[in-house]
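Remarks on the structure that follows.
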Amino acid sequence: MDFKTSQKLYSAARIGKYVHACSGDKRQAMQLYRYNLRLCQRFFGVLHLFEVILRNAINNHYSTQLADSDWIINQAASCKLLSDDEVMIKDT
């Protein structure tokens, strides 16, 4: 993909940071951007696992603390969450 297309698709602001980091060298900036994508791909799996583990720990904590396995639904129903959150939770 050429630089102009990349800039249009990814946004000038995003690509501009890489161009700035590469002292204006657009080719080097695109190489750096692709390197960053590969680096992010390597972290994605680890971040995904961390998110699942953290979410489960939060759920376990509040299920125990409130003695309620449906704590998030019941907290929403009892107006202890913001009304927008209650609608979102019930819709999922």
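What's counted below: heavy atoms across the whole structure, side chains too, no hydrogens, waters or symmetry copies. Here, residue 1 is the first one in the sequence, and each next residue gets the next number. Because the structure is predicted, anything quoted here is derived from the model rather than measured.
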Should I72 and V52 be regarded as members of a common hydrophobic cluster, given that ILVMFWY residues are connected when their side-chain heavy atoms come within less than 4.5 Å of each other, either directly or indirectly?
-> no
Would you please name every residue forming a ring pair (Phe, Tyr, Trp, His ring centres under 6.0 Å) with Y10, sequence neighbours left out?
-> Y33
What distance separates Q41 CD from N36 CG, expressed to the nearest 0.5 Å?
-> 10.0 Å
Heavy atoms only: give me the nearest D70-D68 pair and the separation to one decimal.
-> N-OD1, 2.9 Å
Between T5 and D2, does a side chain to side chain contact (heavy atoms under 4.5 Å, CB included) hold up when you go through it step by step?
-> CA-CA 6 Å; T5 304; D2 68 354; 2.4 Å; yes
Measuring from S11:OG to K17:NZ, what's the distance to the nearest 0.5 Å?
-> 8.0 Å
Say whether, by atom type as modelled, one donor and one acceptor occur between the side chain of T64 and the main chain of N60 under 3.5 angstrom.
-> yes
Are L54 and L49 connected in a single hydrophobic cluster, I mean Ile/Leu/Val/Met/Phe/Trp/Tyr linked by side-chain heavy atoms less than 4.5 Å apart?
-> no
Of the non-hydrogen atoms in S63 and W71, which two are nearest, and what is the gap between them?
-> OG-CD1, 3.3 Å
Report yes or no: do F44 and Y35 belong to one cluster of Ile/Leu/Val/Met/Phe/Trp/Tyr joined by side chain heavy-atom distances under 4.5 Å?
-> no
So, the side chain of D25 versus the backbone of Q28: is there a donor-acceptor pair under 3.5 Å, distance only?
-> yes
side-chain contact (heavy atoms from CB on, under 4.5 Å) involving F3 - partner list, sequence neighbours excluded | Q7, I15, V19, K26, M30
Could you list the residues that satisfy side-chain contact (heavy atoms from CB on, under 4.5 Å) with R42, not counting sequence neighbours?
-> none
